[in-house]
Amino acid sequence: MKVRTLCASPVLALTLLTPAWMAWSPVRAATAPQAPEVDTRGLPALAPGWAERNPLREVPLAQAIGRQAYHQACARCHGVEADGSRAPAPDLRRIGKACQRLQDLSWRERCLSDSDHFFVQSVRFGKKKFDIEHMPAWDGVLSPQVVWSIRSFIENAPKP
């Protein structure tokens, strides 16, 4: 009887941990990303290529479109409000958060530019560690308008 209980415990533990394991599973991450279905026609036109700073940062419509795109493409891993509640994906609201505390405007602008660059590079080229894909590359799937809109949503997402 004791042997059966000891054998059942690892099976039960594995069953209970399976959803957590699948959250970071390379098998799940290997699925091809799908473009969200959002209408960006109301957004201002952007110059071709990738801007150094978020050109849609102060556009309220970009935040609304970004919210829709985020929920379709990102929330599955990063949580409904970009809060990292679906760990191990990080709390995206922290990207550039420290920039707001900088008093010097030139330093604040540089900090935001660096944060925007980090965000865009992460989204476009994904995240790999030790040849394991933790986040797929979205380059060619998401347009700059959609990426910047998602960034605008995340910057304005509720913070704890």
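In this structure, W148 and V59 have side chains that are not in contact, with every pair of non-hydrogen atoms separated by 4.5 Å or more. Side-chain contact between H78 and P90 is present, with at least one heavy-atom pair separated by less than 4.5 Å. In this structure, F153 and Q68 have side chains that are not in contact, with every pair of non-hydrogen atoms separated by 4.5 Å or more.
Between atom CD of residue Q145 and atom OG1 of residue T40 there is a gap of 4.5 Å, rounded to the nearest 0.5 Å. Atoms CD1 and CZ, on I95 and F118 in that order, are 5.5 Å from each other to the nearest 0.5 Å. Note: L46 CG to L43 CG = 7.5 Å, rounded to the nearest 0.5 Å. Atoms NZ and NE2, on K127 and H134 in that order, are 10.5 Å from each other to the nearest 0.5 Å. Going from atom CD of E58 over to atom OG of S152 covers 8.0 Å, rounded to the nearest 0.5 Å. Atom CD1 of I65 and atom CG of L61 lie 3.5 Å apart (nearest 0.5 Å).
Ionic pairing of R151 and D116 is present here: one or more N-O contacts between side-chain nitrogen and carboxylate oxygen are shorter than 4.0 angstrom. Using a 4.0 Å cut-off between a side-chain N of Lys or Arg and a carboxylate O of Asp or Glu, D114 and R110 qualify as a salt bridge. Of the charged side-chain nitrogens involved, at least one lies within less than 4.0 Å of a carboxylate oxygen, so that R57 and E155 count as a salt-bridged pair.
Residues that satisfy the salt bridge (Lys or Arg N to Asp or Glu O under 4.0 Å) test with D39, not counting sequence neighbours, are R41. Listed by chain and residue number, R53 satisfy the salt bridge (Lys or Arg N to Asp or Glu O under 4.0 Å) test with E109 (two or more places apart in sequence, or in another chain). Under the side chain to side chain contact (heavy atoms under 4.5 Å, CB included) criterion, V141 pairs with P33, A35, W138, not counting sequence neighbours.
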Take V123 and M135, measure what side chain to side chain contact (heavy atoms under 4.5 Å, CB included) needs, and give me the verdict at the end.
CA-CA 8 Å; V123 171; M135 180 175 144; 4.3 Å; yes
Evaluation steps, side chain to side chain contact (heavy atoms under 4.5 Å, CB included), between H117 and W50:
CA-CA 9 Å; H117 177 77; W50 291 92; over 6 Å; no
Take Q100 and L112, measure what side chain to side chain contact (heavy atoms under 4.5 Å, CB included) needs, and give me the verdict at the end.
CA-CA 9 Å; Q100 301 308 320; L112 286 171; 3.8 Å; yes
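For the pair V38 and A69, the tightest heavy-atom approach, listed with the atom from each and the gap, is CG1-N, 3.7 Å. Minimum interatomic distance between L92 and Y70 (heavy atoms only, all atoms of both residues): CD1-CE1, 4.0 Å. When all heavy atoms of I150 and C74 are compared, the closest pair comes out as CD1-SG, 4.2 Å. S115 and C99 get closest at one heavy-atom pair: OG-SG, 3.7 Å. Scanning both residues, V146 and L142, for their nearest heavy atoms gives CG1-CD2, 3.9 Å. Here the closest non-hydrogen pair linking A82 and I154 is CB-CG1, 4.1 Å.
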